[in-house]
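Structure first, then comments.
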Amino acid sequence: MQTKDDIIRLYETGMAILSGVDGPPDQAALAIAASSFAEAASQSPMAKAKHAVMLALGAGVALDDEAASEQFVDAAMSGHPGLLRELAMLLLIAPATQHTEQLAAGLLRRAASAGDWIAAFLILREAQRERYLAPYGTLQTLAIQLSESVPFAHYLRANVRYLERNINPVSSAPFDTGACLQAVRQALVGHAPPEPTTLATFPQVTAHKKILQPIECDYIIARSVAHLQPSKVIDPAEANAIQAHFRTSEGATLLPANLDLPLISMMRSLSKLTHKPVSHGEFLAMLRYAPGHEYKPHH
């Protein structure tokens with residue numbers, strides 16, 4: 001039987017490969033990462049969840065959504081707060097039913113009470129939209145505990161401060177493995193693209209609205225904020241990325257080490273929209289323009 005140190009070493013080996021510390025991983029390196037996660041999976045829920053990510057990406061292993069779904073739900077049953085929150089997101093991404101919403105509400109509350117700030121953030125953001133995934137008292141507690149570093153913290157606190165006590169919260173449902181498995185499978189399919197609006201025919205320009213749900217956008221924000229760096233531009237003389245005075249935003253790219261199944265579901269929704277496989281696209285990225293940030297005219 002592997003020791004705790006063995007499990008940690010296997011997990012860290014896989015994560016180091018996915019983080020690209022030694023350069024972008026090729027298929028051989030991805031196979032090593034997938035094998036490391038698989039070897040540690042029996043004793044590490046986080047390794048099992050990351051192996052599910054590799055299966056859903058087809059990175060270093062054959063793409064297998066069924067196995068990815070089963071491994072992830074099994075990992076989430078460990079009760080790890082981050083995995084509970086990821087499972088809740090998948091339940092909310094999947095086609096909505098009252099039962100899946102109740103399951104998601106219960107999982108988010110558990111994750112938030114265990115200290116997962118993203119779960120608390122998602123609950124409070126939905127409260128701004130008058131969708132109450134937690135009762136009044138829980139919302140008040142989460143708002144008080146909110147760190148200043150959480151996106152929109154001031155607005156989230158202000159919204160909760162003026163809530164009426166008689167809100168109608170979503171009731172929570174006990175864990176249901178079968179319903180969770182079905183929702184994860186459905187979420188991994190990605191959204192069907194909405195009908196586009198034609199803006200011009202020559203050249204052809206179309207607009208696609210509401211590709212992602214508001215809570216999915218919040219999830220990308222929350223998962224990206226820790227990785228924000230000053231935005232850069234390519235210097236043609238140096239053939240390198242540099243900071244420039246005319247671009248003052250911040251950006252984050254979610255590389256394989258940062259991906260989870262909710263993010264992969266969103267990538268697949270974008271893939272369906274463009275009629276191109278996920279492997280043909282860039283990784284999910286976020287730009288933040290704070291007041292005063294800009295990107296001046298450039299070419």
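All residue numbers refer to positions in the sequence shown, counting from 1.
Remark: D116 does not engage R109 in a salt bridge, criterion side-chain N to carboxylate O under 4.0 Å. One finds a salt bridge joining D218 and R129 here, because a Lys/Arg side-chain nitrogen approaches an Asp/Glu carboxylate oxygen to under 4.0 Å. Between E39 and R9, none of the side-chain N atoms (NZ, or NE/NH1/NH2) sits under 4.0 Å from a carboxylate O, so this pair counts as no salt bridge. With respect to the salt-bridge test (charged N to carboxylate O, under 4.0 angstrom), the residues D74 and K48 qualify.
Donor-acceptor pairing under 3.5 Å is recorded for the side chains of T97 and T100. Donor-acceptor pairing under 3.5 Å is recorded for the side chains of R85 and Y219. A donor-acceptor contact closer than 3.5 angstrom is absent between the side chains of Y11 and D6.
Annotation for N168: atom CG does not count as buried by contact number, only 12 or fewer foreign heavy atoms lying within 6.0 Å. More than 12 heavy-atom neighbours from other residues, nucleotides or ligands sit within 6.0 angstrom of CD on E294. Around atom CZ of R110, no more than 12 heavy atoms belonging to other residues, nucleotides or ligands sit under 6.0 Å away.
Minimum interatomic distance between L287 and S231 (heavy atoms only, all atoms of both residues): CD2-OG, 3.7 Å. Nearest approach of Y132 to A127, heavy atoms of both residues: CE2-O, 3.7 Å. The two residues A120 and A112 have their closest heavy-atom pair at N-CB, 3.8 Å. The shortest non-hydrogen separation linking M15 to F37 is N-CZ, 3.6 Å. Between A114 and P81, the closest heavy-atom pair is CB-CG, 3.6 Å. The heavy-atom pair separating A56 from I264 by the smallest distance is CB-CD1, 4.0 Å.
When atom types are taken as modelled, the side chain of S78 and the backbone of P45 share no donor-acceptor pair closer than 3.5 angstrom. Under the 3.5 Å distance criterion, the side-chain polar atoms of K50 are matched with a main-chain donor or acceptor of A257. Between the side chain of T198 and the backbone N or O of A200, no donor-acceptor pair lies under 3.5 Å. Without hydrogens or angle criteria, E216 side chain to Q213 main chain gives a donor-acceptor distance under 3.5 Å. Side-chain atoms of S271 come within 3.5 Å of backbone atoms of K276 as a donor-acceptor pair (strictly under, hydrogens ignored).
Following chains of ILVMFWY side-chain contacts shorter than 4.5 Å, one can reach Y155 starting from I118, so the two form part of one hydrophobic cluster. The hydrophobic cluster containing I211 also contains I220, counting ILVMFWY residues as joined when their side-chain heavy atoms lie under 4.5 angstrom apart, directly or transitively. Taken together through direct or relayed side-chain contacts under 4.5 Å among Ile, Leu, Val, Met, Phe, Trp and Tyr, L270 and V189 form parts of separate hydrophobic clusters. The hydrophobic clustering, which links ILVMFWY residues whose side-chain heavy atoms are closer than 4.5 Å, places V205 and L273 apart. In the hydrophobic clustering of ILVMFWY residues, with side-chain heavy atoms under 4.5 Å counting as a link, Y295 and M286 come out apart.
How far CZ of R288 is from CD of E250: 4.5 Å, rounded to the nearest 0.5 Å. To the nearest 0.5 angstrom, L90 atom CG is 6.5 Å from L188 atom CG. Note that the CG atom of L146 and the OG1 atom of T141 stand 12.0 Å from one another [nearest 0.5 Å]. Atom CD of E101 sits about 6.0 Å away from atom CG of L133, to the nearest 0.5 Å. Here D26 contributes atom CG and I17 contributes atom CD1; the two are 9.5 Å apart, rounded to the nearest 0.5 Å. L108 contributes atom CG, which lies 6.0 Å from atom CG of L92 (distance to the nearest 0.5 angstrom).
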message = Would V233 and H298 count as a side chain to side chain contact (heavy atoms under 4.5 Å, CB included) here? Give the steps.
response = CA-CA 10 Å; V233 299; H298 58 282; over 6 Å; no
request  = Decide yes or no on side chain to side chain contact (heavy atoms under 4.5 Å, CB included) for K296 and R247, but give the supporting numbers first.
outcome  = CA-CA 6 Å; K296 292 181 179 178; R247 188 181 191 189; over 6 Å; no
task = For the pair S19 and L255, evaluate side chain to side chain contact (heavy atoms under 4.5 Å, CB included) and give the outcome as yes or no after the intermediate values.
result = CA-CA 7 Å; S19 67; L255 297 173; over 6 Å; no
ask   = Would R157 and E148 satisfy salt bridge (charged side-chain N to carboxylate O under 4.0 Å, His left out), going step by step from the backbone distance to the final call?
value = CA-CA 10 Å; R157 286 199 201 92; E148 287 297 331; 3.2 Å; yes
request  = May I have the step-by-step check of side-chain hydrogen bond (donor to acceptor under 3.5 Å, both in side chains) for E195 and H208, ending in yes or no?
outcome  = CA-CA 7 Å; E195 287 297 318; H208 299 261; over 6 Å; no
message = salt bridge (charged side-chain N to carboxylate O under 4.0 Å, His left out), that's the test. Do D260 and R223 meet it? Break it down for me.
response = CA-CA 10 Å; D260 56 27; R223 293 287 281 110; 3.0 Å; yes
task = Take R125 and Q128, measure what side-chain hydrogen bond (donor to acceptor under 3.5 Å, both in side chains) needs, and give me the verdict at the end.
result = CA-CA 5 Å; R125 283 290 277 172; Q128 285 187 301; 2.9 Å; yes
task = Could you go through the side chain to side chain contact (heavy atoms under 4.5 Å, CB included) check for M54 and L18 one step at a time?
result = CA-CA 10 Å; M54 303 297 279; L18 296 188; 3.9 Å; yes
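Proximity of Q102 to L91: side-chain heavy atoms (C-beta onward) are nowhere separated by under 4.5 Å. Looking at C180 and F175, their side chains come closer than 4.5 Å, going by heavy atoms from C-beta outward. For the pair V278/M267, a side-chain contact is recorded, criterion being any heavy-atom separation below 4.5 Å from C-beta on. The shortest distance between side-chain heavy atoms of F72 and E86 falls below 4.5 Å. Considering only heavy atoms from C-beta on, V73 comes within 4.5 Å of V184 through its side chain. Between H191 and K272, the closest side-chain pair of non-hydrogen atoms is not below 4.5 Å. For the pair I167/Y136, a side-chain contact is recorded, criterion being any heavy-atom separation below 4.5 Å from C-beta on. Two residues are said to be in side-chain contact when any heavy atoms from C-beta on lie closer than 4.5 Å; H227 and T253 fail this criterion.
The aromatic rings of H293 and Y289 lie perpendicular to each other, with more than 60° between the two planes, well past the 30° mark.
Checking each of L84, L107, I215 against M89 for a side-chain contact (heavy atoms from CB on, under 4.5 Å) leaves exactly one that passes, namely I215. With S69 as the partner, the side-chain contact (heavy atoms from CB on, under 4.5 Å) test is satisfied by one option alone out of L181, D64, L55: L181. Shown are L30, L259, L261; of these, the side-chain contact (heavy atoms from CB on, under 4.5 Å) with L57 is made only by L259.
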